[in-house]
Amino acid sequence: MTTTVIPLPIAVSLIVAAFLAFAGKGIGRRACDLLAVATAAANLWMTASILHGTWLQPQVYWFGNWWPRSGGVALGISFVVDTFGAALALLVSLLTLAGLIFSWRIFEDTENHFQPLMLIFMAAMCGFSYTGDLFNLFVFFELMSVSAFALCGLKTLEPAPLQGAYNFAIVNTIGAFMIVMGIGLLYARTGALNFAQVGRSLGTHADALVLLAFLLMVVGYLAKAAIVPFHFWLADAHAVAPSPVCVLFSGVMVELGIYAVARIYWTIFAGALGGHEHELRLILTIMASITAVLGAVMCYAEHHLKRLLAFSTIAHSGLMLIGIGLLSPGPLAGFVLYVLSHGVIKGGLFLCAGILLHRFQKIGEDHLHGCGRGMWFTAALFILGAWGLVGAPPFATLLGEHFVSHSAEAVHQHWLVYIFIFAEVLTSAAVLRIAFRIFFGWGQPAPSDKSSRIEEKAETEQSHERTPAAMFLPAAVLILLGIAITFFPQIRNTATDSAHEFTNQGAYARSVLENVQITSTHERQSENLSSSMVHSCIALAISVLLALSTVFREKLGRAVSFTRSLELGNSWLRGAHSGHPGDYVAWLSFGTAVVGLAFLLWLH
Amino acid sequence: MRLLQWVILLLVAAVAPAVVLSRDPKSQVVTLSFYGLLCALMFFIFQAPDVALSQITIGAVMLPLMIMLALTKMRRQNLRREREGKK
Amino acid sequence: MILAYLPYAIAAWVFLWGLYGIVTSKNLVHQVVCVAILQTSTYVLLLAIGYKVGGTAPIFADIPVGTVVVDPLVQALMLTDIVVEAAVMALLLSMVVKANELAGTVDPEELRFLTG
Amino acid sequence: MSSRTRTAFFLCSAAGLVFVFACGIRDLPPLGDYRGPYGNVVTQVAVYERHTTDVVNAINYDYRAFDTLGEEFIFFASVLGVLLLFRPTQEEDKNGKRESKLEDALPISDTLRVSMQAMVGIMIVFGVYIASHGQLTPGGGFQGGVILASAPLVVYLSGNVKTFEAIISSPLVKLAECGGAAGYAAIGTAALLFGAHFLTNIVPLGTTGDLFSSGTIAVISAVVGMEIAGGFVLLMQNYLREIIEERLRESQ
């Protein structure tokens, strides 16, 4: 049953997208919405059944029945669906569904081209998480990017969205070319494109060529994952993209970049680079920590709601890269749990921002000050979201953080725990600060900065008295899902098991090329959450205090004057985020050079 | 044959910077389409006729054409803006 | 011997020139063209990787199966690459045109709607 | 960053990149000794398995047809994006109404016009030929589609602005694009009904060298041609619509 379903999430949504693109004008707005929502729902069902079918036994699907030849030479393309890929695809469909339902009441003037693009975007991300082939991964990466560029520039009435989409497009396109070059280099060495085959013929020897290929791919995918210094595009794109699109950008697209790095590392490079695991771990975790810290600092200094959330996404994507960068199954399981829970929470928060934009036609914290009085439900969602970002119980982000920090201590990297606390405190305090100011009208209005004045035309025509259910329900459901994940212990058990399976290169290769299933045996993670709970509760307390002392700065006096500078941020850092594509590309090449030199010096 | 390959490679290597350094888009379009032709020729010499064909159609014709159209459209936008500015 | 590595060097050379053009560009249209140049570096690389000495084109219309031909796969990849290029260029160009319509400039120095 | 510091900053990192690239390139196989199994295997088996003589298209439209599906939708998505960016605002709609009663505005010598129109025919024939012989000779749906798409442009150059408008604004163009894209995915899905995997060949292969050989390759190549041709015409339309209107308006 499962094997026939595997290609359908891509095929069906692509066909429907093509139909909508043609008939969209003819059949009218509502019919388009209905068809798109129905397709997304069907996709949700299909990806769910695929996840069910691949529960701890990866499914290999050879397109065109081109099974590998004798000697494990694969001419065709294969989908290798394991639990992680399937779970990510499920998240993709879920968030797309939420976004489409949310957009029910907005975008009157898009000639109904919005829905097909969303469906293509969804199909691309599903294929990206299923595929087992290097070039196919690139194709879906590019399909994902192109539909994302188009969706980002959706609101073409003011120049800002175009600039955001343009910067996004430039940086990610260069990343894509780097990926192609990396693929070419690997192909020159191995004459293969299938993950398993490439990894097998790379063997255990890593020379400069392999390192260069690894570098180019890692940079390409980390540019999508918004890791410093490749992150500049993300804030611009999120600040201007429509809220339902931001849900997909922050909720899953960024995470897919990190997922791709994990995938290619453990299927291709693990054998070749295994000898230098320690150095590679250091490089990746340092990049990740810089990202987390910088993202958190910039996040607290922002006053444009979506841009603030965008920087918090950068911070969290850094935390997720820590999960990968520790290069062992435990934190990888943490990574997946973190992606799932962060995806739904951040998605819900972006939808809340969309609700505010829908109600008041403005998005700057200073302009919105006190506007939200009486919107108790949205306020509750905001505060719950902040709660989730800090990873406090009962949110499932706690589990992810626990798995990662637990094994960070195992490899004597205790400092990573403090990175987690720092980033989570600042990001959630920023969201709380917003909630206090906008919904309770506490304290003085926020200081306004240039970015908070980014002109944000409303996604709907005139301001509205009440929040439509089509907007509130998706947000609520998403954020509550962030809690629900915690109460399914089998989810975290499966995460641990499939993490071991994910990191077992030999078993992967054999299951793909010889179609032999190997069940690896291993010990379960320690389920003692107490220490992490203490950590996260302290973090929550700190972030609440920080938010309060920021809001009531004037009353509390000099003791908390540091919050002012914290809220204004570092002018140099702000200046670096200049919105100038040339700067961004210069930073991209700088990062590539530095990481490349580090690879050559330490891994060679 | 071998010599031809080196010549075309060096030509490509020489023209690429020329395209980058011609700062005025209008003149750049010409160099770009010439560069596209060179690439197509290179594909042909390196035994890739399929790629050469699509490179001619895209790199040497369609892409410069799109840029030309874009430039024209922008020039007209600016003209219109000036006219409205005068009013 | 060094000649045998010249194509790869040229690929890197074109790649760096493309980057240089994008970084120093004063005009978004020029920048988009530089992206196109950047992409051609991937063509050069793939072409060189798939080439086989004395190989002919992988088309067996009038040559028997088994003759030495160059690698067809890289050519397939390049075809995909070219389509991707066309698609991305079309999108980027229309963004630039629209930006010019709304902001009245295509100089990245003057397009500063997103900072801080 | 000021432009000077940016350039300096970039040049420094470029130096690093040069070093990294140099190290990597040293380990590549020298030009002309391609080792890898893929090419060697596929050139051995493709002709027998797929009854096609152009192995590149055998890879593009069958062995790795799924990549090409994604590639077609990349193009499709970007066309959608361009349509979305240039979606007409209200006053442009008004102009659209007005433009109908305007006359051709390009004075052009009849000889040129006639020869141009002859060229249109040639291009259409050539495009169809390229698209339909992909499995035998260089070319295929993509290249043929692009050539087909440039035929209307020649009509425009030959001065028949009205004819051009009629061509590019007819719903058939969009039908070709969307139909081609959907058709590709549908061909793939059809295989599932036969119990085969996605994009498996389900059409008789025919004899190698015939026009109607190689099964799905020919069919896919055809739909790709449709999609690409329609897509490029739509792109041109988006650039030219305004230009035509303004040119005609100025001519009055």
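Within every chain, numbering begins at 1; the chains are lettered A, B, ... in the order of the sequence lines, protein sequences first and strands thereafter.
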(request) Could you tell me which of A:Ala11, A:Ala192, A:Ala21 has the largest number of non-hydrogen atom pairs under 4.5 Å with chain D? (result) A:Ala21
(request) Using a cut-off of under 4.5 Å on heavy-atom pairs, state which of D:Pro171, D:Cys12, D:Ser13 scores highest against chain A. (result) D:Ser13
(request) Answer yes or no: is there a side-chain heavy-atom contact under 4.5 Å between D:His197 and A:Trp67? (result) yes
(message) Taking the side chain as everything from C-beta on, heavy atoms only, tell me whether A:Leu216 gets closer than 4.5 Å to D:Phe21.
(response) yes
(request) Check whether A:Phe22 gets within reach of chain D through its side chain, its backbone, both or neither, counting any heavy atom under 4.5 Å. (result) both
(request) Would you check if the side chain of D:Tyr38 reaches a backbone N or O of A:Leu75 as a donor-acceptor pair within less than 3.5 Å? (result) yes
(message) Is any side-chain heavy atom of A:Leu8 closer than 4.5 Å to one of D:Leu192?
(response) yes
(request) Please determine, among A:Phe121, A:Phe140, A:Trp66, A:Phe590, the option with the most heavy-atom pairs under 4.5 Å with chain D. (result) A:Trp66
(request) Using non-hydrogen atoms and a 4.5 Å limit, figure out which bit of D:Ser78 sits close to chain A: side chain, backbone, both or neither. (result) both
(request) Measure the shortest side-chain to side-chain distance between A:Phe114 and D:Leu84 over non-hydrogen atoms and say whether it is less than 4.5 angstrom. (result) no
(request) Measure the spacing between CH2 of A:Trp62 and OG1 of D:Thr200 and express it to the nearest 0.5 Å. (result) 13.5 Å
(message) Within this structure, what is the CG-CD distance for the pair D:Leu80 and A:Gln115, rounded to the nearest 0.5 Å?
(response) 11.0 Å
(message) Under a 4.5 Å cutoff for heavy-atom pairs, which residue among D:Gly179, D:Ala185, D:Pro37 has the most contacts with chain A?
(response) D:Pro37
(request) Heavy-atom pairs under 4.5 Å with chain D are the metric here; pick the option from A:Val139, A:Leu212, A:Val146, A:Asn136 that has the most. (result) A:Asn136
(request) Heavy-atom distances under 4.5 Å only: say whether A:Phe79 touches chain D with side chain, backbone, both or neither. (result) side chain
(request) Calculate, to the nearest 0.5 Å, the distance between atoms CG and CZ belonging to D:Leu85 and A:Phe149 respectively. (result) 12.5 Å
(request) In plain terms, say whether D:Arg64 and A:Asp133 are close enough for a salt bridge, that is, a side-chain N and a carboxylate O under 4.0 Å apart. (result) yes
(message) Using only atom types and a distance under 3.5 Å, with no angle test, would you say the side chain of D:Lys174 pairs donor to acceptor with the backbone of A:Ala23?
(response) no
(request) Select, from A:Phe138, A:Tyr187, A:Phe19, the one with the greatest count of heavy-atom pairs under 4.5 Å involving chain D. (result) A:Tyr187
(request) Go through A:Val585, A:Asp583, A:Leu588, A:Leu185 and name the one with the most non-hydrogen pairs under 4.5 angstrom from chain D. (result) A:Asp583
(request) Measure the CG-CZ distance between A:Leu154 and D:Arg87 for me, rounded to the nearest 0.5 Å. (result) 5.5 Å
(request) Name the member of D:Gly70, D:Gly16, D:Ala77 that forms the most heavy-atom pairs with chain A at distances under 4.5 Å. (result) D:Ala77
(message) Could you check whether any side-chain heavy atom of A:Ser589 comes within less than 4.5 Å of a side-chain heavy atom of D:Phe10, counting everything from C-beta outward?
(response) yes
(message) What part of A:Ala124 gets within 4.5 angstrom of chain D, counting heavy atoms only: side chain, backbone, both, or neither?
(response) neither
(request) Taking the side chain as every heavy atom from C-beta outward, state whether D:Phe19 and A:Leu600 have any atom pair closer than 4.5 Å. (result) yes
(message) Would you say the rings of D:Phe66 and A:Tyr61 are close, in the sense that their centroids are separated by under 6.0 Å?
(response) no
(message) For a quick test of reading the model, state the closest non-hydrogen atom pair linking D:Ala196 to A:Asn65 and the distance between them.
(response) CB-ND2, 4.2 Å
(message) Which heavy atom of D:Asp27 sits nearest to which heavy atom of A:Leu209, and what is that distance?
(response) OD2-N, 3.4 Å
(message) Could you measure the distance from the OH atom of A:Tyr584 to the CZ atom of D:Arg6? Nearest 0.5 Å is fine.
(response) 11.0 Å
(message) How long is the straight-line distance from CG of A:Leu20 back to SG of D:Cys178, given to the nearest 0.5 Å?
(response) 9.5 Å
(message) Quick check on the interface: out of D:Gly195, D:Gly81, D:Cys23, who has the most heavy-atom pairs with chain A under 4.5 Å?
(response) D:Cys23
(message) Looking only at heavy atoms and a cut-off of under 4.5 Å, which of A:Val594, A:Leu117, A:Leu162, A:Val73 has the most pairs with chain D?
(response) A:Leu117
(message) Does any backbone or side-chain atom of A:Leu193 lie under 4.5 Å from a heavy atom of chain D? Answer side chain, backbone, both or neither.
(response) side chain
(request) Can you tell which part of D:Val18 gets under 4.5 Å to a heavy atom of chain A, answering side chain, backbone, both or neither? (result) neither
(message) Under 4.5 Å from any heavy atom of chain D, what part of A:Leu597 do you find: side chain, backbone, both or neither?
(response) both
(message) Need one label for D:Pro29: side chain, backbone, both or neither, based on atoms under 4.5 Å from any heavy atom in chain A.
(response) side chain
(message) Heavy-atom cut-off 4.5 Å, strictly under: side chain, backbone, both or neither for D:Asp67 against chain A?
(response) both
(request) Go through the steps to decide whether A:Leu143 and D:Glu71 satisfy the test side-chain contact (heavy atoms from CB on, under 4.5 Å), and finish with yes or no. (result) CA-CA 7 Å; A:Leu143 182 54; D:Glu71 162 208 318; over 6 Å; no
(message) Report which part of D:Phe73 has an atom under 4.5 Å of a heavy atom belonging to chain A: side chain, backbone, both, or neither.
(response) both
(message) Any heavy-atom pair between the side chains of D:Arg26 and A:Asp207 that's under 4.5 Å?
(response) no
(message) So which residue, D:Leu175, D:Val41, D:Leu199, ends up with the most heavy-atom pairs under 4.5 Å with chain A?
(response) D:Leu175
(request) Could you tell me whether the side chain of A:Thr592 reaches within less than 4.5 Å of the side chain of D:Val20, counting heavy atoms only? (result) no
(request) Would you mind checking which part of D:Phe198 comes under 4.5 Å of any heavy atom in chain A, side chain (CB onward), backbone (N, CA, C, O), both or neither? (result) both
